[in-house]
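The first residue in the sequence is number 1, and the count goes up from there.
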Amino acid sequence: MKPIYTNINIKPGVLREATKKAAEGHWYDADKVRFRYGRPEKIGGWANINGAGTSSYFEGIARAIHNWNNNDGSPLTALGTHTHLYLWQSGTYYDITPVVASGTTVVSYTTSAGSSAVLVSLPSHGFIADDIIYFSTAIDPTSVTAGGNVLMADQFVVTSVVDTHRFYIEYTTAALSTKTVSVTTTWDKLVHLGQQQTVLGTGWGSSFWSHSGGWGTPVSGDIQLLATQWTLDSWGEDLVANYRGGAIFQWVENSGVNIRAVSISGAPTRNDLILVSPEDRHLISFGTEDVLTSTYSPVLIRWCASENLNDWSPSATNTAGDKLLSGSSRIVGATRTRGAILVWTEAALYSMRQIGQPFIFGFDLLGSNCGLVGPHAAIEANGRTYWMSNQRFMVFDGGAPRPLPCTVLRYIFDNIDGQQYDKVYAGVNGAYNEIIWLYQDLSATTAECNRYVIYNYLEDHWTIGSIDRTVWADDSVYLYPLAADTSGNTYYHDYGDSADGDAIYSYLRSGEFDLQDGQQIAFINRIVPDFTLKDGDPMRGNITITLRGRKAPGDSNVVTRGPYTVSAGTLYVPYRHRARQISMIIESSSDDPAWRMGEMKMRLMPDGEH
């Protein structure tokens, strides 16, 4: 019998809800690969917003990002990290972290030769470990340094507290000498934002939902401390910002980039998250204090009067108000969607709609057992809202919330670090019709988000991969989406084809597929590749193809051939093997323009039934 050419037909998207053999006709694993119009391609690259090799960065791990335009149309970006609040504009990060205490007094600095620790004496300082102190002005310029080389006019972290008058900070280098200097200094204490990680404790609800002990089963530890989180929004051209459990702050655009955010007078002093309503402009606080008793409730919602950030007391002459959700444990997140605001608790979804006087907003329970895993785990795209719930993904499009079928479901939830659910961050990449969730898996070496899962809502398929990103913002303000890593850098995404000048490693692996429907062994002696650039032009870089074949699903004798290097001029891959099933691996580590796979073929002929 003569050899025949047959197409290698593999459906778009990754399937992990089956074995490699049962995943026949599907892709089984991927990294830095998306699927567009049914075909796989290497994802776009990214570039630092300040330029390659920049030394400008932010401090802390980014927990929220927000883009907006001022009244002149100039773009602005705010970043809330677990230590700071930043504004980025025109290539510079500006520290706008609120100041909560300040003073001018004589401060003594004691250094020890060979040590980077500095003992600071400041009467009745009131600081705790991890507080951030900025010594902004040393009145006596001849005594600015301590220990010969320690410049004290800078920002420092309190490493430990000795007593009410003394504490330690750490300098970047060791002191040259042992010395004490006393200087009249102006100091500022920045708001204390909490911690980087979520720490679980004992008691009802202290773990993530559905932990291994079951709901309501205590887990080891003493207390539960949630990681620092921010919610950011626009109030006209100004920024409103809240860190979970803290006050609400405002940065006023026309005050300038060197002016810090300040707390909003009249607003509740404890708030879990905030959001601005779209049409009538109320600033809404979720998980906050009662207006009369100042008692905090994690399910209380309050809003200021329309167009008035400072008026939070309901009256007959304003539109301020509140609402206590019943039967819920904690409000987790909220987002705007078409005609409403969606509000999630740990287990349920509510709608919040403007209905006018006297109640201002009306509330409806939309569904149960569909809560949100973290404050940024939901995103709206084209009138539909997508979110990560416990052990599944959900979608809401105006009816009842429903599970979103997912071909990588168990792969995600068997490997995600459930203790750090709170860090999950959802974003949209509208140019490619994608929803992306950033999450931390159990193998994360940085103890931060290191993986992603993407859903293409137009073509209805999923892909997976790895990336060091903790927040994501869409392309509604800039031409490209923005995302930040754990090293203090922010990037334009789907920008070029390199990783800020370095090569991007991409990987794609198919499930096993039968030759001749698996009825008999086949002899393959040629693979005909079909790879181009995204626009169809000839591929300018190289990819490699590795093929693995065996004669039965249980056959441990898997024969690997390759990797074979493929370029635009490659007519065929000289693969020769006898097998019943084969799988294919495509890899690229080149910084050349991205590849896109077309219609590949293989030449084979029957070679017996066993």
Side-chain touch [X]/[Y], heavy atoms, less than 4.5 angstrom:
X	Y	value
Tyr452	Tyr439	no
His26	Val14	no
Leu547	Tyr564	yes
Leu404	Trp462	yes
Phe523	Arg603	no
Trp344	Ile331	no
Met602	Tyr572	no
Asn69	Val477	yes

If we ignore hydrogens and angles and just use 3.5 Å, is the side chain of [X] paired with the main-chain N or O of [Y] as donor and acceptor?
X	Y	result
Thr470	Ala62	yes
Asp364	Leu366	no
Asn7	Asn9	no
Gln196	Thr228	no
Gln89	Thr92	no
Thr198	Ala227	yes
Thr345	Ala347	yes
Trp46	Thr490	no
Glu459	Tyr37	yes
Trp437	Phe393	no

Please round to the nearest 0.5 Å and tell me the distance separating atom [atom1] of [X] and atom [atom2] of [Y].
X	Y	atom1	atom2	value
Thr335	Ile379	OG1	CD1	6.0 Å
Ser583	Ile10	OG	CD1	9.5 Å
Thr463	Asn456	OG1	CG	10.0 Å
Asn525	Met605	CG	CE	8.5 Å
Glu599	Asp530	CD	CG	7.5 Å
Tyr491	Ile467	OH	CD1	9.5 Å

With Arg392 via side-chain hydrogen bond (donor to acceptor under 3.5 Å, both in side chains) - residues at least two apart: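 Arg392 satisfies side-chain hydrogen bond (donor to acceptor under 3.5 Å, both in side chains) with no other residue.
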
Any residue meeting side-chain hydrogen bond (donor to acceptor under 3.5 Å, both in side chains) with Ser443, in chain and number order, not counting sequence neighbours: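 Per chain and number, Ser443 pairs via side-chain hydrogen bond (donor to acceptor under 3.5 Å, both in side chains) with Asp441.
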
Using a 6.0 Å cut-off, check whether atom [atom1] of [X] has over 12 heavy atoms from anything other than its own residue.
X	atom1	result
Tyr57	OH	no
Tyr478	OH	yes
Arg384	CZ	no
Tyr495	OH	no

Could you tell me which non-hydrogen atom of [X] sits nearest to which non-hydrogen atom of [Y], and how far apart they are?
X	Y	value
Ser56	Asn50	OG-ND2, 3.5 Å
Ile61	Thr486	CD1-O, 3.7 Å
Tyr86	Glu59	OH-N, 3.0 Å
Gln391	Leu409	O-CD1, 3.8 Å
Arg576	Arg561	O-NE, 3.4 Å
Thr83	Gly60	OG1-CA, 3.4 Å

Between [Y] and [X], is there a salt bridge with N-O shorter than 4.0 Å?
X	Y	result
Arg244	Asp422	yes
Asp494	Arg34	yes
Asp29	Arg16	yes
Arg402	Asp397	yes
Arg39	Glu41	no
Arg63	Glu448	yes
Glu512	Arg550	yes
Arg410	Asp414	yes

side-chain contact (heavy atoms from CB on, under 4.5 Å) between His66 and Trp68, intermediate numbers included: CA-CA 7 Å; His66 177 64; Trp68 79 106; 3.5 Å; yes

Single hit among Ser368, Ser389, Cys370 for side chain to side chain contact (heavy atoms under 4.5 Å, CB included) with Leu349: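 Answer to the side chain to side chain contact (heavy atoms under 4.5 Å, CB included) test with Leu349 among Ser368, Ser389, Cys370: Cys370.
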
Stepwise side-chain contact (heavy atoms from CB on, under 4.5 Å) test for Glu587 and Tyr505: CA-CA 7 Å; Glu587 294 175 279; Tyr505 172 74; 2.5 Å; yes

Aromatic ring proximity Tyr425/Trp472, centre distance under 6.0 Å: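 So the answer is no for these two rings.
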
Going by atom types only, do [X] and [Y] share a side-chain donor-acceptor pair under 3.5 Å?
X	Y	answer
Asn542	Thr565	no
Lys423	Gln197	yes
Asp474	Ser476	yes

Stepwise salt bridge (charged side-chain N to carboxylate O under 4.0 Å, His left out) test for Arg336 and Asp233: CA-CA 11 Å; Arg336 289 180 289 267; Asp233 211 340; 2.7 Å; yes

Test log, rule side-chain contact (heavy atoms from CB on, under 4.5 Å), inputs His461 and Thr407: CA-CA 8 Å; His461 50 66; Thr407 58; over 6 Å; no

Lys NZ or Arg CZ of Arg36 over Tyr432 ring: under 6.0 Å, within 45°: no

Stepwise side-chain contact (heavy atoms from CB on, under 4.5 Å) test for Leu15 and Tyr411: CA-CA 9 Å; Leu15 173 64; Tyr411 173 82; over 6 Å; no

